[in-house]
Every structure is written in C-alpha cells, then in structure tokens.
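Just so we're clear, the structure is a prediction, and the values are computed from it rather than from any experiment.
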Amino acid sequence: MDLFIPRDLSREAARQLLTEHAEYGKWELARVRKHADGSRHVRLRRKIVRVRSTLARPG
C-alpha cells in the first residue's frame, strides 16, 4: 500500500495516520521517501504473522 503525505501535514498527524494503519490494518512500514518539497511517499507492507502449531507432536 502506498501513501502520499503532503508537506503541510504535521509530523504528529503523519505518525497518527501510520499508527492507525499499523494497528487496525495489520500493516508495517517498508519504506519512506522524502521529496525535496517536503512531502513524503510511504510504502507499507502486510505484516506477516507467524502462527505456531498448538498440536502436540507424537514422540
């Protein structure tokens, strides 16, 4: 998922936006590019959740 954060958006507002995507959408930060005009291009990727088996192994 790609997000464009305009330069007039405060750092706190940008942090809140990214936090919401991380918590509710299960995304994690992959890359941030800051442009010369102050805007930011953020790439998020799906967070990989490793599930361990709860089944007992025979042996």
Side-chain angles (χ1 to χ4, degrees):
M1 165 185 266
D2 289 344
L3 294 174
F4 178 77
I5 301 174
R7 69 184 197 126
D8 59 342
L9 192 66
S10 70
R11 179 179 281 188
E12 179 63 25
R15 183 194 63 79
Q16 183 66 33
L17 176 72
L18 294 174
T19 300
E20 288 174 5
H21 278 300
E23 287 182 5
Y24 303 116
K26 306 264 192 274
W27 294 95
E28 64 183 4
L29 189 63
R31 172 184 235 172
V32 177
R33 280 192 275 176
K34 189 170 182 181
H35 299 282
D37 66 353
S39 63
R40 291 167 285 216
H41 178 223
V42 179
R43 177 161 288 167
L44 302 174
R45 65 179 175 206
R46 278 287 184 195
K47 190 172 189 176
I48 299 173
V49 178
R50 305 269 186 222
V51 179
R52 298 183 91 180
S53 176
T54 59
L55 299 175
R57 291 186 175 173

* For the pair V32 and I5, evaluate side chain to side chain contact (heavy atoms under 4.5 Å, CB included) and give the outcome as yes or no after the intermediate values. => CA-CA 10 Å; V32 177; I5 301 174; over 6 Å; no
* Near Y24 OH, under 6.0 Å, is it more than 12 heavy atoms from other residues, nucleotides or ligands? -> no
* To do: Calculate, to the nearest 0.5 Å, the distance between atoms NZ and NZ belonging to K26 and K47 respectively.
  => 8.0 Å
* Applying salt bridge (Lys or Arg N to Asp or Glu O under 4.0 Å), which residue pairs with at least one partner in residues 3-17 are found, sequence neighbours left out? -> E12-R15
* Once you round to the nearest 0.5 Å, how far does CZ of R31 lie from NE2 of H41? -> 9.0 Å
* **Option among D2, L29, L17 that satisfies the side chain to side chain contact (heavy atoms under 4.5 Å, CB included) test with V42** => L29
* Which heavy atom of R40 sits nearest a heavy atom of P6, and at what distance? -> NH2-O, 4.4 Å
* Asked: So how far is it from H21 NE2 to Q16 CD, rounded to the nearest 0.5 Å?
  -> 11.0 Å
* side chain to side chain donor-acceptor pair (under 3.5 Å) with R46: which residues, sequence neighbours excluded? -> none
* In Å and rounded to the nearest 0.5 Å, what is the CZ to CH2 distance from R43 to W27? -> 11.0 Å
